[in-house]
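What follows is one structure encoded as C-alpha coordinates, with my remarks underneath.
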Amino acid sequence: MKFYIITFLVMMLLLAGCNYQNGREAQDHSNHEDHESKKIYENNDDRRDRNNDDDDDDDGDAIDSKGKNTIKAPPKIEPDSKKGKHVTYSLNIQNGKTKFDGNTEVKTMGYNGDILGPTLDLKKGQKVTMNIKNNLDEKTTVHWHGLDVPGGKADGGPHAFIDPGEETKVEFTVNQEDATLWYHPHPHGKTAEQVYNGLAGFIYITDPNKKKDLPQDYGENDIPLVFQDRPIDSSGNMKSYSDAHKDNGMYANTVLVNGKKDPVLKVKNEKVRLRLLNGSNARDYQFKLDNNQSFEQIASDGGYLNKGVSKKSVDIAPAEREEIIVDFSKVQGNKVNIVNDENDIILPIEIDKSNENKKTVNTNDLNNLQSTEGELDKKPDKKITMEGMGKDVSINGKKFDHNRIDFTQKVGETEIWEIENKSEHESTNHNNMLHPFHVHGTQFRVISKNGKSPDTSLQGRKDTIALRPGEKAKIAVKFNHEGTYMLHCHILEHEDNGMMLNVRAKK
Ligand code: C2O
Ligand code: CU
Ligand code: CU
(Lines give C-alpha, C1' and ligand atoms only; values in the text may rest on other atoms or scores of the structure.)
(Ligands and ions follow the chains in the order given, each with its own letter.)
Protein backbone atom coordinates (compact mmCIF):
# COMPACT_ATOMS: atom_id res chain seq x y z
CA MET A 1 0.00 0.00 0.00
CA LYS A 2 2.69 2.42 1.08
CA PHE A 3 4.56 1.70 -2.13
CA TYR A 4 1.60 2.80 -4.20
CA ILE A 5 1.11 5.94 -2.21
CA ILE A 6 4.78 6.81 -2.57
CA THR A 7 4.77 6.03 -6.28
CA PHE A 8 1.71 8.20 -6.70
CA LEU A 9 3.29 11.06 -4.79
CA VAL A 10 6.50 10.80 -6.76
CA MET A 11 4.55 10.87 -10.03
CA MET A 12 2.61 13.90 -8.90
CA LEU A 13 5.85 15.65 -8.13
CA LEU A 14 7.33 14.75 -11.47
CA LEU A 15 4.20 15.85 -13.31
CA ALA A 16 4.22 19.12 -11.54
CA GLY A 17 7.75 19.60 -12.74
CA CYS A 18 8.72 20.12 -9.22
CA ASN A 19 12.43 20.11 -8.65
CA TYR A 20 12.22 20.17 -4.93
CA GLN A 21 15.16 18.58 -3.29
CA ASN A 22 15.07 17.68 0.29
CA GLY A 23 17.74 19.32 2.38
CA ARG A 24 19.79 16.40 3.45
CA GLU A 25 19.71 14.56 0.14
CA ALA A 26 20.52 17.64 -1.84
CA GLN A 27 24.00 17.87 -0.43
CA ASP A 28 24.62 14.24 -0.08
CA HIS A 29 26.06 13.42 -3.42
CA SER A 30 28.82 11.32 -2.02
CA ASN A 31 28.13 7.64 -2.44
CA HIS A 32 24.77 6.94 -3.84
CA GLU A 33 24.84 9.57 -6.50
CA ASP A 34 25.59 7.28 -9.34
CA HIS A 35 23.12 4.49 -9.06
CA GLU A 36 20.37 6.66 -7.66
CA SER A 37 20.64 9.26 -10.33
CA LYS A 38 20.62 6.60 -12.99
CA LYS A 39 17.47 5.11 -11.58
CA ILE A 40 15.78 8.46 -11.59
CA TYR A 41 17.00 9.48 -15.00
CA GLU A 42 15.55 6.31 -16.50
CA ASN A 43 12.11 7.58 -15.64
CA ASN A 44 12.68 11.19 -16.16
CA ASP A 45 15.48 12.28 -18.48
CA ASP A 46 16.97 15.29 -16.88
CA ARG A 47 15.09 16.05 -13.76
CA ARG A 48 16.90 15.45 -10.54
CA ASP A 49 14.13 14.73 -8.18
CA ARG A 50 15.75 13.06 -5.29
CA ASN A 51 12.75 12.94 -3.09
CA ASN A 52 12.21 9.51 -4.51
CA ASP A 53 12.08 7.10 -1.66
CA ASP A 54 12.66 3.78 -3.36
CA ASP A 55 16.28 3.31 -2.44
CA ASP A 56 16.73 0.25 -0.28
CA ASP A 57 18.59 2.13 2.38
CA ASP A 58 17.21 5.58 2.14
CA ASP A 59 15.82 7.53 5.06
CA GLY A 60 12.08 7.54 5.51
CA ASP A 61 10.45 4.18 5.89
CA ALA A 62 11.52 1.31 8.00
CA ILE A 63 10.77 -2.23 6.94
CA ASP A 64 8.19 -3.92 9.18
CA SER A 65 9.70 -6.45 11.54
CA LYS A 66 8.56 -9.94 10.64
CA GLY A 67 8.84 -10.92 14.30
CA LYS A 68 11.04 -13.95 13.67
CA ASN A 69 13.68 -13.46 16.33
CA THR A 70 12.88 -13.30 20.00
CA ILE A 71 15.03 -10.69 21.64
CA LYS A 72 16.49 -10.81 25.08
CA ALA A 73 18.17 -8.33 27.34
CA PRO A 74 21.93 -8.45 26.84
CA PRO A 75 23.61 -10.50 29.61
CA LYS A 76 24.77 -8.58 32.65
CA ILE A 77 28.53 -8.45 32.93
CA GLU A 78 30.01 -10.68 35.65
CA PRO A 79 32.57 -9.03 37.89
CA ASP A 80 36.09 -10.49 38.00
CA SER A 81 36.20 -9.58 41.64
CA LYS A 82 34.20 -7.72 44.20
CA LYS A 83 35.56 -6.51 47.52
CA GLY A 84 33.17 -4.32 49.42
CA LYS A 85 32.50 -1.33 47.23
CA HIS A 86 35.31 -2.07 44.81
CA VAL A 87 34.33 -4.03 41.76
CA THR A 88 36.49 -5.08 38.80
CA TYR A 89 35.29 -5.98 35.33
CA SER A 90 36.95 -7.03 32.08
CA LEU A 91 35.91 -5.73 28.74
CA ASN A 92 37.35 -7.32 25.62
CA ILE A 93 36.77 -5.41 22.44
CA GLN A 94 36.74 -7.92 19.65
CA ASN A 95 35.86 -8.84 16.11
CA GLY A 96 32.88 -11.11 15.75
CA LYS A 97 30.47 -12.74 13.34
CA THR A 98 26.74 -12.28 13.38
CA LYS A 99 23.92 -13.96 11.44
CA PHE A 100 21.21 -11.36 10.94
CA ASP A 101 19.15 -13.53 8.60
CA GLY A 102 19.54 -17.02 7.18
CA ASN A 103 23.03 -18.44 7.29
CA THR A 104 24.92 -15.40 6.10
CA GLU A 105 27.66 -14.43 8.48
CA VAL A 106 28.43 -10.75 8.77
CA LYS A 107 31.61 -9.37 10.30
CA THR A 108 30.69 -7.37 13.37
CA MET A 109 32.36 -6.06 16.51
CA GLY A 110 31.39 -6.56 20.11
CA TYR A 111 32.40 -6.23 23.73
CA ASN A 112 32.97 -9.69 25.24
CA GLY A 113 31.01 -11.14 22.33
CA ASP A 114 30.18 -10.93 18.64
CA ILE A 115 28.01 -7.83 18.67
CA LEU A 116 26.99 -5.16 21.22
CA GLY A 117 28.10 -5.73 24.79
CA PRO A 118 27.00 -6.89 28.22
CA THR A 119 25.09 -4.55 30.51
CA LEU A 120 27.24 -2.96 33.20
CA ASP A 121 25.16 -3.01 36.33
CA LEU A 122 26.75 -0.32 38.48
CA LYS A 123 25.70 0.82 41.92
CA LYS A 124 26.00 4.30 43.27
CA GLY A 125 29.02 4.54 45.56
CA GLN A 126 30.96 1.77 43.87
CA LYS A 127 34.57 2.15 42.85
CA VAL A 128 34.89 0.52 39.47
CA THR A 129 37.99 -0.83 37.76
CA MET A 130 37.57 -1.70 34.11
CA ASN A 131 40.29 -3.81 32.54
CA ILE A 132 39.92 -3.13 28.86
CA LYS A 133 41.65 -5.01 26.10
CA ASN A 134 41.53 -3.93 22.48
CA ASN A 135 41.59 -7.07 20.34
CA LEU A 136 40.65 -5.20 17.17
CA ASP A 137 43.22 -4.38 14.57
CA GLU A 138 42.45 -0.70 14.86
CA LYS A 139 42.49 1.94 17.57
CA THR A 140 39.43 2.52 19.67
CA THR A 141 38.32 4.12 22.94
CA VAL A 142 35.56 3.25 25.37
CA HIS A 143 33.38 6.18 26.32
CA TRP A 144 30.81 5.94 29.12
CA HIS A 145 28.06 8.12 27.72
CA GLY A 146 26.31 10.02 30.50
CA LEU A 147 28.67 8.98 33.28
CA ASP A 148 29.81 11.70 35.68
CA VAL A 149 33.58 11.03 35.66
CA PRO A 150 36.80 13.04 35.20
CA GLY A 151 37.57 14.10 31.64
CA GLY A 152 40.27 12.46 29.57
CA LYS A 153 41.17 8.86 30.28
CA ALA A 154 38.25 7.94 32.54
CA ASP A 155 35.77 9.50 30.15
CA GLY A 156 37.14 7.58 27.17
CA GLY A 157 36.79 10.38 24.66
CA PRO A 158 38.94 10.77 21.56
CA HIS A 159 42.03 11.58 23.65
CA ALA A 160 41.97 8.16 25.26
CA PHE A 161 43.09 5.90 22.43
CA ILE A 162 43.65 2.23 23.07
CA ASP A 163 45.97 0.75 20.45
CA PRO A 164 45.39 -2.63 18.85
CA GLY A 165 46.49 -5.32 21.29
CA GLU A 166 46.77 -2.82 24.14
CA GLU A 167 45.39 -3.46 27.60
CA THR A 168 44.45 -0.57 29.77
CA LYS A 169 42.88 0.07 33.14
CA VAL A 170 40.23 2.70 33.74
CA GLU A 171 38.97 3.60 37.20
CA PHE A 172 36.10 5.72 38.36
CA THR A 173 33.64 6.06 41.21
CA VAL A 174 29.94 5.95 40.51
CA ASN A 175 28.38 9.03 41.98
CA GLN A 176 25.08 9.71 40.35
CA GLU A 177 21.44 8.80 40.56
CA ASP A 178 19.61 5.87 38.97
CA ALA A 179 19.90 6.10 35.20
CA THR A 180 20.24 4.21 31.96
CA LEU A 181 23.55 5.14 30.35
CA TRP A 182 25.52 3.46 27.61
CA TYR A 183 29.05 2.89 26.39
CA HIS A 184 30.45 3.08 22.91
CA PRO A 185 33.70 3.83 21.05
CA HIS A 186 34.87 7.40 20.39
CA PRO A 187 37.97 7.35 18.13
CA HIS A 188 37.70 10.53 16.14
CA GLY A 189 36.85 9.85 12.50
CA LYS A 190 36.01 6.21 13.21
CA THR A 191 33.24 6.44 15.77
CA ALA A 192 30.42 6.02 13.27
CA GLU A 193 32.01 2.99 11.68
CA GLN A 194 32.79 1.19 14.93
CA VAL A 195 29.32 1.77 16.34
CA TYR A 196 27.87 0.64 13.00
CA ASN A 197 29.85 -2.56 13.27
CA GLY A 198 28.30 -3.35 16.61
CA LEU A 199 30.11 -1.62 19.46
CA ALA A 200 27.60 -0.37 22.04
CA GLY A 201 26.36 -1.54 25.42
CA PHE A 202 24.10 -0.48 28.28
CA ILE A 203 25.04 0.83 31.70
CA TYR A 204 22.55 0.69 34.52
CA ILE A 205 23.13 2.89 37.54
CA THR A 206 21.16 2.13 40.67
CA ASP A 207 21.29 3.57 44.12
CA PRO A 208 20.89 0.62 46.50
CA ASN A 209 19.84 3.00 49.26
CA LYS A 210 16.89 4.42 47.41
CA LYS A 211 14.71 1.52 46.38
CA LYS A 212 11.76 2.34 44.16
CA ASP A 213 8.51 0.49 43.56
CA LEU A 214 9.34 0.08 39.92
CA PRO A 215 9.69 -3.04 37.78
CA GLN A 216 13.25 -4.25 38.25
CA ASP A 217 13.54 -7.89 37.26
CA TYR A 218 16.21 -7.57 34.62
CA GLY A 219 15.17 -9.02 31.31
CA GLU A 220 11.71 -9.88 32.67
CA ASN A 221 9.93 -6.64 33.43
CA ASP A 222 12.92 -4.32 33.16
CA ILE A 223 14.16 -4.59 29.61
CA PRO A 224 16.81 -2.52 27.85
CA LEU A 225 16.14 -2.04 24.14
CA VAL A 226 18.62 -0.50 21.72
CA PHE A 227 17.34 0.58 18.31
CA GLN A 228 19.80 0.78 15.41
CA ASP A 229 19.07 1.02 11.69
CA ARG A 230 21.30 -0.95 9.37
CA PRO A 231 21.24 -1.75 5.64
CA ILE A 232 20.73 -5.51 5.78
CA ASP A 233 19.16 -7.30 2.82
CA SER A 234 16.78 -10.25 2.91
CA SER A 235 19.60 -12.76 2.64
CA GLY A 236 21.22 -11.30 5.73
CA ASN A 237 24.05 -9.35 4.18
CA MET A 238 24.94 -6.02 5.72
CA LYS A 239 26.63 -3.38 3.61
CA SER A 240 30.15 -2.51 4.63
CA TYR A 241 30.30 0.80 6.44
CA SER A 242 32.13 2.45 3.56
CA ASP A 243 29.26 1.52 1.24
CA ALA A 244 26.61 2.60 3.72
CA HIS A 245 28.33 5.81 4.79
CA LYS A 246 26.77 9.16 4.03
CA ASP A 247 28.22 12.44 5.18
CA ASN A 248 24.93 13.48 6.63
CA GLY A 249 24.46 10.30 8.57
CA MET A 250 24.02 6.65 7.78
CA TYR A 251 20.33 5.89 7.43
CA ALA A 252 18.98 2.47 6.63
CA ASN A 253 15.55 0.93 6.78
CA THR A 254 16.10 -2.25 8.72
CA VAL A 255 15.84 -1.42 12.39
CA LEU A 256 17.65 -3.87 14.64
CA VAL A 257 16.58 -4.17 18.24
CA ASN A 258 19.27 -5.49 20.58
CA GLY A 259 21.21 -6.48 17.48
CA LYS A 260 18.44 -8.62 16.00
CA LYS A 261 16.73 -8.26 12.65
CA ASP A 262 12.98 -8.95 12.57
CA PRO A 263 12.79 -8.77 16.35
CA VAL A 264 9.91 -9.80 18.58
CA LEU A 265 9.71 -9.16 22.32
CA LYS A 266 7.87 -11.56 24.66
CA VAL A 267 6.50 -10.16 27.88
CA LYS A 268 4.20 -11.20 30.70
CA ASN A 269 0.79 -9.80 31.45
CA GLU A 270 2.05 -6.98 33.63
CA LYS A 271 3.60 -3.55 33.82
CA VAL A 272 6.94 -3.64 32.07
CA ARG A 273 9.68 -1.05 32.17
CA LEU A 274 11.29 -0.58 28.77
CA ARG A 275 14.54 1.32 28.70
CA LEU A 276 14.77 2.69 25.18
CA LEU A 277 18.11 3.74 23.73
CA ASN A 278 18.49 5.21 20.30
CA GLY A 279 21.84 3.73 19.32
CA SER A 280 21.46 4.67 15.65
CA ASN A 281 24.14 6.63 13.86
CA ALA A 282 21.73 9.32 12.70
CA ARG A 283 18.08 8.32 12.62
CA ASP A 284 15.62 9.74 15.09
CA TYR A 285 12.39 7.97 15.96
CA GLN A 286 8.98 8.65 17.27
CA PHE A 287 7.67 5.54 18.97
CA LYS A 288 4.12 4.67 19.93
CA LEU A 289 1.98 1.60 20.42
CA ASP A 290 -0.20 0.69 17.47
CA ASN A 291 -3.28 0.20 19.67
CA ASN A 292 -2.84 3.84 20.65
CA GLN A 293 -2.48 2.91 24.29
CA SER A 294 -0.81 5.38 26.64
CA PHE A 295 2.20 4.52 28.72
CA GLU A 296 4.16 6.35 31.36
CA GLN A 297 7.51 7.93 30.79
CA ILE A 298 9.49 7.75 34.02
CA ALA A 299 13.03 8.71 33.03
CA SER A 300 15.13 10.40 30.39
CA ASP A 301 18.89 10.30 29.74
CA GLY A 302 20.22 10.88 33.21
CA GLY A 303 17.52 9.60 35.53
CA TYR A 304 13.98 9.90 36.75
CA LEU A 305 11.52 12.63 35.97
CA ASN A 306 9.89 14.01 39.09
CA LYS A 307 6.98 11.72 38.43
CA GLY A 308 5.68 9.51 35.65
CA VAL A 309 4.16 11.31 32.70
CA SER A 310 1.40 9.71 30.66
CA LYS A 311 2.22 9.77 26.96
CA LYS A 312 1.10 8.25 23.70
CA SER A 313 4.39 8.67 21.89
CA VAL A 314 8.03 9.44 22.62
CA ASP A 315 10.57 11.16 20.41
CA ILE A 316 14.04 9.77 20.69
CA ALA A 317 17.07 11.19 18.89
CA PRO A 318 20.45 9.49 18.55
CA ALA A 319 22.04 8.78 21.96
CA GLU A 320 18.93 9.68 23.95
CA ARG A 321 17.31 7.31 26.43
CA GLU A 322 13.72 7.19 27.57
CA GLU A 323 12.35 4.83 30.15
CA ILE A 324 8.70 3.97 29.82
CA ILE A 325 6.34 1.69 31.69
CA VAL A 326 3.78 -0.11 29.58
CA ASP A 327 0.86 -1.90 31.19
CA PHE A 328 0.50 -4.96 28.98
CA SER A 329 -2.48 -6.20 30.98
CA LYS A 330 -4.43 -3.38 29.32
CA VAL A 331 -3.77 -4.69 25.81
CA GLN A 332 -6.74 -6.42 24.19
CA GLY A 333 -5.55 -9.73 22.80
CA ASN A 334 -1.97 -10.88 23.09
CA LYS A 335 -0.17 -8.69 20.59
CA VAL A 336 0.79 -5.08 20.24
CA ASN A 337 3.49 -3.39 18.19
CA ILE A 338 5.88 -0.56 18.80
CA VAL A 339 5.61 1.47 15.61
CA ASN A 340 7.24 4.64 14.32
CA ASP A 341 5.55 7.80 13.08
CA GLU A 342 4.89 6.11 9.72
CA ASN A 343 3.30 3.13 11.47
CA ASP A 344 6.10 0.85 10.37
CA ILE A 345 6.38 -2.06 12.76
CA ILE A 346 9.64 -1.66 14.64
CA LEU A 347 9.06 -4.12 17.46
CA PRO A 348 6.17 -6.60 17.72
CA ILE A 349 5.40 -7.57 21.30
CA GLU A 350 3.71 -10.82 22.31
CA ILE A 351 2.05 -10.96 25.69
CA ASP A 352 1.65 -14.14 27.68
CA LYS A 353 -1.87 -13.54 28.91
CA SER A 354 -2.05 -16.66 31.11
CA ASN A 355 -1.84 -14.81 34.41
CA GLU A 356 -1.61 -11.27 35.48
CA ASN A 357 1.00 -9.90 37.83
CA LYS A 358 -0.38 -7.03 39.86
CA LYS A 359 2.78 -5.85 41.62
CA THR A 360 2.61 -2.26 42.76
CA VAL A 361 4.33 0.34 40.70
CA ASN A 362 4.63 3.80 42.17
CA THR A 363 5.62 6.51 39.75
CA ASN A 364 4.63 9.45 41.90
CA ASP A 365 7.73 10.52 43.78
CA LEU A 366 10.59 9.58 41.58
CA ASN A 367 12.72 12.68 41.84
CA ASN A 368 12.63 16.23 43.14
CA LEU A 369 14.52 18.30 40.65
CA GLN A 370 14.24 22.01 41.33
CA SER A 371 12.30 24.28 39.08
CA THR A 372 14.43 26.46 36.92
CA GLU A 373 12.79 29.80 37.53
CA GLY A 374 15.22 32.69 37.82
CA GLU A 375 17.61 30.92 35.51
CA LEU A 376 15.23 31.64 32.65
CA ASP A 377 16.37 35.25 32.33
CA LYS A 378 20.00 34.66 33.09
CA LYS A 379 22.39 35.69 30.38
CA PRO A 380 24.12 32.68 28.88
CA ASP A 381 27.75 32.09 29.88
CA LYS A 382 28.44 30.20 26.68
CA LYS A 383 26.83 30.32 23.28
CA ILE A 384 27.08 27.28 21.10
CA THR A 385 25.91 27.31 17.52
CA MET A 386 25.60 24.16 15.49
CA GLU A 387 25.64 24.70 11.77
CA GLY A 388 25.95 23.07 8.40
CA MET A 389 25.43 19.77 6.74
CA GLY A 390 27.50 16.88 5.48
CA LYS A 391 31.21 17.66 5.56
CA ASP A 392 30.53 21.33 6.28
CA VAL A 393 29.25 20.85 9.79
CA SER A 394 30.72 23.00 12.53
CA ILE A 395 30.19 24.33 16.02
CA ASN A 396 30.77 28.05 16.45
CA GLY A 397 32.31 27.94 12.99
CA LYS A 398 35.00 25.52 14.12
CA LYS A 399 35.83 21.90 13.57
CA PHE A 400 37.27 19.54 16.13
CA ASP A 401 40.94 19.88 16.96
CA HIS A 402 42.41 17.52 19.55
CA ASN A 403 44.86 20.15 20.73
CA ARG A 404 42.66 23.20 20.99
CA ILE A 405 40.67 23.96 24.12
CA ASP A 406 37.56 25.76 22.95
CA PHE A 407 35.98 26.49 26.29
CA THR A 408 36.88 26.38 29.94
CA GLN A 409 34.66 26.12 32.96
CA LYS A 410 35.20 26.00 36.70
CA VAL A 411 34.58 22.67 38.37
CA GLY A 412 31.45 22.82 40.54
CA GLU A 413 30.10 25.99 38.98
CA THR A 414 26.81 25.97 37.13
CA GLU A 415 26.82 27.83 33.86
CA ILE A 416 24.04 28.59 31.45
CA TRP A 417 24.75 27.46 27.93
CA GLU A 418 22.67 28.56 25.01
CA ILE A 419 22.62 26.01 22.24
CA GLU A 420 21.30 26.82 18.80
CA ASN A 421 20.76 24.77 15.69
CA LYS A 422 21.39 27.25 12.95
CA SER A 423 21.07 24.94 9.99
CA GLU A 424 19.45 26.96 7.26
CA HIS A 425 18.07 24.16 5.22
CA GLU A 426 14.40 23.58 4.99
CA SER A 427 13.72 20.35 6.64
CA THR A 428 10.49 19.08 5.30
CA ASN A 429 11.41 15.45 5.28
CA HIS A 430 12.07 13.43 8.43
CA ASN A 431 13.55 16.30 10.39
CA ASN A 432 16.75 15.83 8.53
CA MET A 433 18.86 18.44 10.09
CA LEU A 434 18.01 17.81 13.63
CA HIS A 435 21.24 17.92 15.60
CA PRO A 436 21.32 16.04 18.91
CA PHE A 437 23.69 18.06 21.08
CA HIS A 438 25.63 16.10 23.69
CA VAL A 439 28.06 17.02 26.48
CA HIS A 440 30.35 14.51 28.16
CA GLY A 441 30.85 13.91 31.84
CA THR A 442 27.77 15.63 33.15
CA GLN A 443 24.01 15.60 33.28
CA PHE A 444 22.48 18.98 32.52
CA ARG A 445 19.07 20.50 33.09
CA VAL A 446 17.06 22.08 30.32
CA ILE A 447 15.99 25.55 31.38
CA SER A 448 14.14 26.56 28.30
CA LYS A 449 13.50 25.48 24.77
CA ASN A 450 12.71 28.15 22.23
CA GLY A 451 12.20 30.60 25.08
CA LYS A 452 9.60 28.51 26.86
CA SER A 453 9.91 26.24 29.82
CA PRO A 454 10.60 22.72 28.62
CA ASP A 455 8.09 19.91 28.18
CA THR A 456 7.76 17.49 31.05
CA SER A 457 9.86 14.91 29.23
CA LEU A 458 12.74 17.41 29.13
CA GLN A 459 12.52 18.22 32.81
CA GLY A 460 14.73 15.38 33.98
CA ARG A 461 18.50 15.16 33.80
CA LYS A 462 19.76 15.08 30.24
CA ASP A 463 23.06 14.64 28.48
CA THR A 464 21.71 15.03 24.95
CA ILE A 465 19.18 17.48 23.58
CA ALA A 466 17.76 17.27 20.08
CA LEU A 467 17.30 20.58 18.30
CA ARG A 468 15.58 21.00 14.97
CA PRO A 469 16.62 23.72 12.53
CA GLY A 470 16.06 27.12 14.07
CA GLU A 471 15.60 25.77 17.58
CA LYS A 472 17.37 27.05 20.67
CA ALA A 473 17.72 25.76 24.17
CA LYS A 474 19.22 27.00 27.39
CA ILE A 475 20.77 24.39 29.59
CA ALA A 476 22.40 24.52 33.02
CA VAL A 477 25.72 22.68 32.99
CA LYS A 478 27.97 21.78 35.87
CA PHE A 479 31.10 19.64 35.84
CA ASN A 480 31.89 17.82 39.05
CA HIS A 481 35.37 16.77 37.96
CA GLU A 482 38.38 18.16 36.20
CA GLY A 483 39.46 17.27 32.72
CA THR A 484 38.81 17.77 29.06
CA TYR A 485 35.36 16.85 27.83
CA MET A 486 33.71 16.80 24.44
CA LEU A 487 30.62 18.58 23.32
CA HIS A 488 29.31 17.45 19.98
CA CYS A 489 26.49 16.53 17.67
CA HIS A 490 25.56 12.89 18.20
CA ILE A 491 24.83 12.20 14.56
CA LEU A 492 27.96 10.10 14.43
CA GLU A 493 28.91 11.11 10.90
CA HIS A 494 28.62 14.78 11.87
CA GLU A 495 30.80 14.11 14.88
CA ASP A 496 33.36 12.32 12.72
CA ASN A 497 33.22 15.24 10.29
CA GLY A 498 34.37 17.50 13.10
CA MET A 499 31.16 18.77 14.69
CA MET A 500 32.80 18.56 18.10
CA LEU A 501 34.66 20.88 20.47
CA ASN A 502 36.68 20.56 23.68
CA VAL A 503 35.70 22.04 27.01
CA ARG A 504 38.17 21.93 29.88
CA ALA A 505 36.86 21.87 33.41
CA LYS A 506 39.36 23.11 35.97
CA LYS A 507 39.49 24.03 39.63
CU1 C2O B 1 27.80 9.13 23.12
CU2 C2O B 1 30.77 11.79 22.78
O3 C2O B 1 29.29 10.44 23.00
CU1 CU C 1 29.14 11.02 25.67
CU1 CU D 1 24.51 17.08 13.47
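We count ligands from 1, going down the list as the structure has it; atoms in each ligand are counted the same way. Just so it is clear, the values below take in all heavy atoms, side chains as well, and ignore hydrogens, waters and symmetry mates.
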- Query: Given the side-chain rings of H488 and H494, with only the six-membered ring counted for Trp, is the space between their centroids under 6.0 Å?
  - Reply: no

- Query: What about the rings of H145 and H490, do their centers lie closer together than 6.0 Å?
  - Reply: yes

- Item | I491 and P436, any side-chain heavy atoms less than 4.5 Å apart | yes

- Task: For the pair E320 and K462, find out whether any cationic side-chain nitrogen is under 4.0 Å from an anionic carboxylate oxygen.
- Result: yes

Tell me whether [X] contacts the main-chain N or O of [Y] through its side chain, where contact means a donor paired with an acceptor under 3.5 Å.
X: N396; Y: K383; result: yes
X: R273; Y: I325; result: no
X: N112; Y: N92; result: yes

Would you be so kind as to tabulate the donor-acceptor pairs closer than 3.5 Å made by side chains of residues 476-483, with sequence neighbours excluded?
unit_1, atom_1, unit_2, atom_2, d
N480, ND2, D148, OD2, 2.6
H481, NE2, D148, O, 3.4
H481, NE2, D148, OD1, 3.3

- Query: Shortest non-hydrogen contact from R283 to N253?
  - Reply: NH2-CA, 4.1 Å

- Task: Check H438 and report its N/O/S atom nearest to the Cu ion (ligand 2), by atom name.
- Result: NE2

- Task: Return the set of residues passing salt bridge (charged side-chain N to carboxylate O under 4.0 Å, His left out) with D121 (not counting sequence neighbours), or none when no residue passes.
- Result: K76, K123

- Which N, O or S atoms belonging to the protein are less than 2.8 Å from atom 2 (Cu) of ligand 1? H186 NE2, H440 NE2, H488 NE2

- Among the protein atoms near the Cu ion (ligand 3), how many are N, O or S and lie under 2.8 Å away? 3

